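Note that this is a predicted model, so its numbers are computed, not measured. Start at 1 with the first residue, then count along the sequence.
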Amino acid sequence: MERKLMMLQQLTEHVWYLPHDEPTDRPVLGYVRGSRYALAVDAGASPAHIACFYQELERAGLPLPDMTAITHWHWDHTLGMGSVHGATIACAETNRLLREERAKAAAGPAHWDAMREDTKGFALEYPAGSDPEVVLATIEFPSTLTIDLGGATISLIRVEAPHTPDSVFVHVLEDRVLFMGDAACADYDAPNAPVLDLAKLEALSHVVHEADCEHFLHGHWEPLDAIEIEEDFEPLRANA
């Protein structure tokens, strides 16, 4: 699918991101470059999404990532996994949910056809006859994982969150950047969805506060600073 190319943005010394694309619902893709390795955050909605991301990295003179960390299993964050450069990393729960998704897809065309009916972005990425491939992460961790990229330390933390049971934060310690995926969003897979669990939202808010970061990146918004992220939780609570 040909789409307008989003421009890569540098956020801090070690961190860049490709902004979300609202018309297609493509999420933010992150990039962290250390002196030894580079890591991407999320694998995007499709091979086409990844191709746009890599084109922007090459335009900026940045090497392709050595590894890609996944924030959660949803299609728009994982269906480009088969096209990424290097290893993919996810928590064990993400791989379990991806196995379930792969089994549903293997049962016949009804699964992807229903996705096209329900989700405009998915239909744009995958017109009829172009079903995606569900790929599992090559490296999985139970709850936490630390990666030294060389001058940029990454902490992957599975968090309790209202959106999915496998939500993972990607914390870039030296740069005080937190990639949050869609963790603060409602659960769209629950009965009577969307449902926003206030207890899980409060637990997530505590983790965000304890991270003591300067920059916060949601999967489908512009980056927020420390004041804005605190304010961002208030309307979520009010509308729950």
Side-chain angles (χ1 to χ4, degrees), residues 9-20 22 27-34 39-42 68-74 76-78 89-94 97 140-149 151-190 193-240:
Q9 306 291 320
Q10 184 167 9
L11 186 64
T12 63
E13 178 183 357
H14 299 104
V15 178
W16 289 255
Y17 69 97
L18 188 72
H20 72 290
E22 192 167 343
V28 166
L29 298 181
Y31 180 87
V32 187
R33 185 182 184 184
L39 176 140
V41 181
D42 277 331
T68 298
I70 304 300
T71 62
H72 65 294
W73 72 277
H74 283 165
D76 51 329
H77 298 257
T78 60
I89 306 170
C91 74
E93 181 67 4
T94 294
L97 290 164
E140 68 176 45
F141 62 94
S143 56
T144 62
L145 180 66
T146 301
I147 305 170
D148 182 1
L149 302 178
T153 308
I154 304 297
S155 179
L156 305 180
I157 311 161
R158 184 178 169 190
V159 294
E160 184 176 24
H163 190 54
T164 63
D166 66 322
S167 294
V168 168
F169 279 174
V170 181
H171 186 183
V172 189
L173 273 65
E174 288 83 358
D175 293 58
R176 300 180 69 195
V177 172
L178 192 67
F179 287 94
M180 300 173 58
D182 299 350
C185 297
D187 183 350
Y188 285 86
D189 299 311
V195 174
L196 187 63
D197 187 310
L198 272 181
K200 291 180 180 179
L201 187 68
E202 288 299 331
L204 190 72
S205 175
H206 178 74
V207 174
V208 169
H209 180 74
E210 289 297 309
D212 189 30
C213 288
E214 292 182 358
H215 306 281
F216 301 83
L217 287 98
H218 284 286
H220 298 272
W221 289 279
E222 295 301 313
L224 302 176
D225 63 25
I227 294 174
E228 291 168 330
I229 192 67
E230 292 290 343
E231 294 173 346
D232 193 51
F233 278 96
E234 293 307 319
L236 293 174
R237 297 184 184 100
N239 293 327

| query | Does Asp42 use its side chain to pair, donor to acceptor, with the backbone of Gly30 at less than 3.5 Å? | reply | no
| query | With under 30° as parallel and over 60° as perpendicular, where do the rings of His220 and His77 fit, or are they tilted in between? | reply | perpendicular
| said: I need the Asp76 CG to Leu29 CG distance, nearest 0.5 Å. | reply: 10.0 Å
| request: Report the distance from atom CZ of Arg176 to atom CG of Asp212, rounding to the nearest 0.5 Å. | output: 4.5 Å
| task | Report the distance from atom CG of Leu173 to atom CG of Leu178, rounding to the nearest 0.5 Å. | result | 10.0 Å
| field | Closest non-hydrogen atom pair, Leu156 against Ala69 | value | CD2-CB, 3.9 Å
| Where do Ile154 and Val172 come nearest, in terms of heavy atoms and distance? | CD1-CG2, 3.8 Å
| request: Output the distance between atom CH2 (Trp221) and atom CD (Glu22), rounded to the nearest 0.5 Å. | output: 10.5 Å
| query | Do side-chain atoms of Gln10 reach the backbone of Thr12 as a donor and acceptor pair under 3.5 angstrom? | reply | yes
| task | Would you mind reporting whether His20 and Glu222 have side-chain heavy atoms less than 4.5 Å apart? | result | yes
| task | Just jot down the salt bridge (charged side-chain N to carboxylate O under 4.0 Å, His left out) partners of Asp148, sequence neighbours excluded, or say none. | result | Arg36
| note | Ala152 and Val32 have their tightest heavy-atom pair at CB-CG1, 4.1 Å
| message | Quick one: does any side-chain atom of Asp182 pair with a main-chain N or O of Cys185 as donor and acceptor, under 3.5 Å? | response | no
| task | Kindly determine whether Leu11 and Leu217 satisfy side-chain contact (heavy atoms from CB on, under 4.5 Å), including the steps that lead there. | result | CA-CA 10 Å; Leu11 186 64; Leu217 287 98; 3.5 Å; yes
| note | Closest non-hydrogen contact found for Cys91 with Arg158 is SG-CD, 4.2 Å
| message | Could you report the tightest heavy-atom contact between Phe179 and Trp16, atom names first, then the distance? | response | CZ-O, 4.2 Å
| Shortest non-hydrogen separation from Asp187 to Ala193 and the atoms involved | O-CB, 3.6 Å
| task | Run the numbers on His218 and Ile229 for side-chain contact (heavy atoms from CB on, under 4.5 Å), then give the verdict. | result | CA-CA 10 Å; His218 284 286; Ile229 192 67; 3.8 Å; yes
Determine all donor-acceptor pairs shorter than 3.5 Å in which one atom belongs to a side chain in residues 162-171; sequence neighbours excluded.
from	atom 1	to	atom 2	distance (Å)
His163	ND1	Ala186	O	2.6
His163	NE2	His74	ND1	3.2
Thr164	OG1	Asp166	OD1	2.8
Thr164	OG1	Ser167	OG	3.0
Asp166	OD2	Trp73	N	2.9
Asp166	OD2	Thr94	OG1	2.6
Ser167	OG	Thr164	O	3.2

| request: Determine yes or no for a side-chain-to-main-chain donor-acceptor pair under 3.5 angstrom, with Glu210 supplying the side chain and Val207 the backbone. | output: no
| remark: The reported gap from NE2 in His14 to CD in Glu174 (rounded to nearest 0.5 angstrom) is 7.0 Å
| Spatial distance of atom CD (Glu214) from atom CG (Leu224) [nearest 0.5 Å] | 14.0 Å
| Between Thr144 and Thr146, is any pair of side-chain heavy atoms under 4.5 Å apart? | no
